[in-house]
Amino acid sequence: QSALDDQIRQSRQKVEEVATALNELNRASRTTSAETALQLERLIKEFQELRGAVELAEFRITKVESRLADESLNKRAAAAVEPPTAPSDPIPTSKKELLQHAAKLTHEGKIADARGAYREVIKRWPQETGTADEAHFRLGELYWQEKKFRGALEEYIKVVESFKDGAWLDDAYYKIGICSQELGSLEDAQIFFNEIVKNHDKSPYYKDATLRLKEIKKRLTREVKKG
């Protein structure tokens, strides 16, 4: 527990440092050079990794604290000759159970814990199609619910980049398009909706992607004419 506490403190401090550096680079990027752009990309990646590490550490320490509390209660109950309390749920050991646990936490509104559980899945099975891609997509959905569209976008992109044969691919393409719209990147949204229309015509998102693509093209045409 002490080690996890230290890890969380160090990670949070590093997150703050990286966030400060990102803000400075964002200001500088208005007159950016290629070197500054590469530095910005590196810091963004570092920020994503640190945020994931904090979420995972917080999830694990919650489980440690829960287990310690159970042990303390059971010792007191044994001393009083009382039946021990039922232990809190440990971290599930199988990927299926862990995904189900994360979904249960989401349903209960324990969003931070759910994110930590999905991070645990990714930590254990980082390249496994059908497991890690679902965890990344579900993480994106949790950020989406909080309207943290950049955080959501990062997770959806990981699905597209690393799990091209997975069942979550068209879901991720569609949500990347939606996030891009929310962030005002119509050109990016056009690319990903177009991917669904051209290569995923059996997708349940096909019809909506087609409509959104038409609307985006109209908006881009109007903007070109105004310009």
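The structure presented is a predicted model; accordingly, all values stated were derived computationally and were not measured.
- Remark: I178 CD1 to Y173 OH distance equals 16.0 Å, nearest 0.5 Å.
- Residues Y174 and D208 have side chains that bring a donor and an acceptor to within less than 3.5 angstrom of each other.
- Counting only distance, with no hydrogens or angles, the side chain of S203 and the backbone of Y205 share a donor-acceptor pair below 3.5 Å.
- Rounding to the nearest 0.5 Å gives a distance of 10.0 Å between CG of L153 and CD of E155.
- Scanning both residues, A132 and Q127, for their nearest heavy atoms gives CB-N, 4.4 Å.
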Test side-chain hydrogen bond (donor to acceptor under 3.5 Å, both in side chains) applied to E195 and N199, step by step: CA-CA 6 Å; E195 174 67 25; N199 300 316; 3.0 Å; yes
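- Side-chain contact annotation: E141 with Y156, donor-acceptor N/O pair under 3.5 Å present.
- Residue I191 holds its CD1 atom at 8.5 Å from OG of S180, rounded to the nearest 0.5 Å.
- Contact of the E134 side chain with the V159 side chain is not registered, since no non-hydrogen atoms from C-beta on lie closer than 4.5 Å.
- By the neighbour-count criterion of 12 heavy atoms within 6.0 Å, atom CG of D201 is densely surrounded, having more than that number from other residues, nucleotides or ligands.
- Using modelled atom types, one side-chain atom of D133 and one backbone atom of T131 make a donor-acceptor pair closer than 3.5 Å.
- Note: D171 CG to R138 CZ = 8.5 Å, rounded to the nearest 0.5 Å.
- Counting heavy atoms from C-beta on, the side chains of W168 and T129 never come closer than 4.5 Å.
- The side chain to side chain contact (heavy atoms under 4.5 Å, CB included) test with T221 is passed by exactly one of E223, K225, K218: K225.
- Under the 6.0 Å cut-off for aromatic ring centres, F149 and W144 qualify, their centroids lying closer than that.
- In this structure the side chain of F137 never reaches within 4.5 angstrom of the side chain of K158, judged on heavy atoms.
- Taking NZ of K217 as the reference point, atom CG of L186 lies at 13.5 Å (rounded to 0.5 Å).
- When the side-chain hydrogen bond (donor to acceptor under 3.5 Å, both in side chains) test is applied to S94, the partners found at least two apart in sequence or on another chain are E97.
- For the atom pair R115 CZ and E146 CD, the distance stands at 4.5 Å (nearest 0.5 Å).
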Salt bridge (charged side-chain N to carboxylate O under 4.0 Å, His left out) evaluation trace for R150 with E154: CA-CA 6 Å; R150 291 196 182 278; E154 292 159 11; over 6 Å; no
